Amino acid sequence: LASFLQNNFEDENFGKKSLNHQRVMVEYSSPNTNKPLHLGHLRNNFLGWSVAEILKANGNDVIKTSIVNDRGIHICKSMIAWQMFANGATPQSTHEKGDHLVGDYYVKFNDEYKKEVSELVQSGMAKEEADKEAPIMKKTQKMLLYWEQGKPEVRELWNMMNSWVYKGFDETYKRIGSDFDHTFYESNTYLLGKDFVQEGLQKNILFKKEDGSVWIDLTGEGLDEKLVLRGDGTSVYITQDIGLAIQKFEEYHLDKSIYVIGDEQLYHMKVLKEIIRKLGMNFADNIYHLSYGMVELTTGKMKSREGTVVDADDLIDEMVATAEKHTEELGKVKDFTKKELHELYETLGLGAMKFYLLRVDPKKRMIFNPEESIDFHGFTGPFVQYTYARIQSILRKVEGQPSAISYQPSAIHLLPLERQLIIFLEKYSIIITEAANEMNPSIIANYVFNLAKLYNSFYAEHSVANAETNEKKSFRLQLSVMTANIIRSGLQLLGIRVPERM
RNA sequence: GGUCCCGUAGUUCAAUGGAUAGAAUAGAAGUUUCCUAAACUUUAGAUACAAGUUCGAUUCUUGUCGGGACUACCA
């Protein structure tokens, strides 16, 4: 055991493989451009990013992508409301983040819409008719039509408002460390897939109803009949998904295409896969839906229209502020510069939040209590980060590099905690493989937490710097270095940074 | 109605069919002249209910009760 340690403690890449050369695309972000990101997006982002990194660590060639839903009636709603109520307000003029500004007008639309409908109902109109006849809704539908015709004023407004939103998203993505190799836009992909519908019709996989709409019969697969093209010949959601799925495989020569999408779309993804299989595409089996459970609040489901969403930016700010509060209370880093402090707060706040969202099985729904802030003690990111900082503190104080002091591994008599630690460190390699096979970052979060816990027990029991003998000292230094390396490496796969001091 | 998912300490989460069901937090009690107490140690507390398969079930099957998702010519 001690030899294992001596051979590996300096290897920064311990546990990582370079064997599986598969080309994998992970699509892990699909925001709408009519409102800001929320807690659900964060779970999606952290999960997808982490899975991509874990697959990389196992030697795969990974392409990270996002698909932006930048068109459709919901975008027009924000646009109409902005025209009606904003008086030309921009992010510059209001000093508001672009995505939030646009989101405000989406909310405004719904308020106005509700008002108009209730007015119509009061004047004696049936609810259903009023839903359709409300002037603001009619205007919006007209705008969508203009958008599709490419009317310049509408496209200009659309471009302008979207650019605000992208700038806002970029800020958030940058802060949380999310990055993409490629971004797809639905305004570019929404016409895709129609050719395959024609092909499917010819092959008798699809059928046409009297009204001209095209369907696929999946009753044999335990699903229903599903519409793939409207009666007027326009695409629906699934039409473009068929086109995009095929395009991905053809353009990028993928071995596997992973979609990180909520489990509410289980049915949709099943249908997509079935259609592609029926079209005779041999890669249908390489489409994988990594479904994750919705984040719910203790007060119920998040609904953006009812204002019961946990906004991503607000939550991040809150976490960073909590980190600041704890740090100031403890007063251990009073000599830090402003910049260093700022960085530490971000590292800790985001670490707490990412760990919180990644430590549970992605497939399960999770419940978030907005009243209680995310903890910094116990099974948390900061706990693991603290263990790392503690080890760095030892290394700073001890003179000489641990590698410079040698000892005979066979001569080391291992104490129970030392033995447990080495055995635990050795498991890291298996853990990474397991996490990749199951596409489950929580395996790493659990591992890294238990490692930190074990090290802390060891730390409380035995002194490193003042070990019984010089041999023991260098042995324990190596033990500490390797623990720190694995903590850093494991947290990195979760998108969490480590502080040198905290 | 149909299809699918989920019910584990007060709370949030663990447990390829295997030993005494693990953690964290909240509760109780301790630990700092000694490497960072954001830590450590001790303590109490749970498999919704009922049958079945099995040497053995939190895990598999069926039923009951409870929660959720999907079932749009929305995306």
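Numbered from 1 within each chain, the chains take letters A, B, ... in sequence-line order. Source: prediction; values computed, not measured.
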Starting at [atom1] of [X] and ending at [atom2] of [N], how long is that distance when rounded to a whole Å?
X: A/E461; N: B/U42; atom1: CD; atom2: P; result: 10 Å
X: A/M366; N: B/U12; atom1: CE; atom2: P; result: 11 Å
X: A/N32; N: B/A75; atom1: CG; atom2: P; result: 12 Å
X: A/R390; N: B/A37; atom1: CZ; atom2: C1'; result: 7 Å
X: A/I238; N: B/A75; atom1: CD1; atom2: P; result: 11 Å
X: A/F379; N: B/G22; atom1: CZ; atom2: C1'; result: 11 Å
X: A/M294; N: B/A69; atom1: CE; atom2: C1'; result: 9 Å
X: A/N446; N: B/A24; atom1: CG; atom2: C1'; result: 11 Å

What nucleic acid atoms does [X] come within less than 4.0 Å of, heavy atoms only: base, sugar-phosphate, or nothing?
X: A/L348; answer: base
X: A/V236; answer: sugar-phosphate
X: A/G72; answer: nothing
X: A/Y459; answer: base
X: A/A460; answer: sugar-phosphate
X: A/S457; answer: sugar-phosphate
X: A/T234; answer: nothing
X: A/F383; answer: sugar-phosphate
X: A/N369; answer: nothing
X: A/H326; answer: base
X: A/E329; answer: nothing

| task | Report the relative orientation of the aromatic rings in A/F458 and A/H462; use parallel for angles under 30°, tilted for 30 to 60°, perpendicular for over 60°. | result |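 The rings of A/F458 and A/H462 sit tilted, inter-plane angle from 30° to 60°.
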Please state the [atom1] separation for the pair [N] and [M] - nearest whole angstrom.
N: B/G17; M: B/U59; atom1: P; result: 11 Å
N: B/U20; M: B/G2; atom1: P; result: 41 Å
N: B/U47; M: B/U58; atom1: P; result: 11 Å
N: B/G63; M: B/G1; atom1: P; result: 15 Å
N: B/A9; M: B/U43; atom1: C1'; result: 14 Å
N: B/A48; M: B/A14; atom1: P; result: 15 Å
N: B/A72; M: B/U16; atom1: C1'; result: 40 Å

Closer than 4.0 Å, any side-chain N/O of [X] to the OP1 or OP2 of [N]?
X: A/R230; N: B/C74; result: yes
X: A/T387; N: B/A39; result: no
X: A/H74; N: B/C74; result: no
X: A/K453; N: B/C40; result: no
X: A/K397; N: B/U36; result: yes
X: A/K363; N: B/C6; result: no

Would you indicate which nucleotide in [options] comes nearest to any side-chain atom of [X]?
X: A/Y237; options: B/A14, B/C40, B/A75; value: B/A75
X: A/E296; options: B/G68, B/U25, B/C70; value: B/G68
X: A/D375; options: B/U25, B/U12, B/G67; value: B/U25
X: A/E186; options: B/U12, B/C35, B/A75; value: B/A75

| query | Under 4.0 Å between a Lys/Arg side-chain N and an Asp/Glu carboxylate O for A/K138 and A/E116? | reply |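 No.
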| Is any side-chain N of the basic residue among A/D104 and A/K108 closer than 4.0 Å to the acidic one's carboxylate O? |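 Result for this pair is no, no salt bridge flagged.
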Identity of whatever pairs with [N] - Watson-Crick or G-U, under 3.5 angstrom:
N: B/U43; value: B/G27
N: B/C34; value: none
N: B/C55; value: B/G18

| message | If we ignore hydrogens and angles and just use 3.5 Å, is the side chain of A/S257 paired with the main-chain N or O of A/I287 as donor and acceptor? | response |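 A pair under 3.5 Å: no.
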Does [X] make a cation-pi contact with [Y] (under 6.0 Å, within 45 degrees of the axis)?
X: A/K332; Y: A/Y386; result: no
X: A/R359; Y: A/F449; result: no
X: A/R43; Y: A/Y292; result: no

| message | Checking ring-ring contact (aromatic ring centres under 6.0 Å, His included) between A/W164 and each of A/F169, A/Y105, A/W82, which is the one that passes? | response |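 When ring-ring contact (aromatic ring centres under 6.0 Å, His included) is applied between A/W164 and each of A/F169, A/Y105, A/W82, only A/W82 qualifies.
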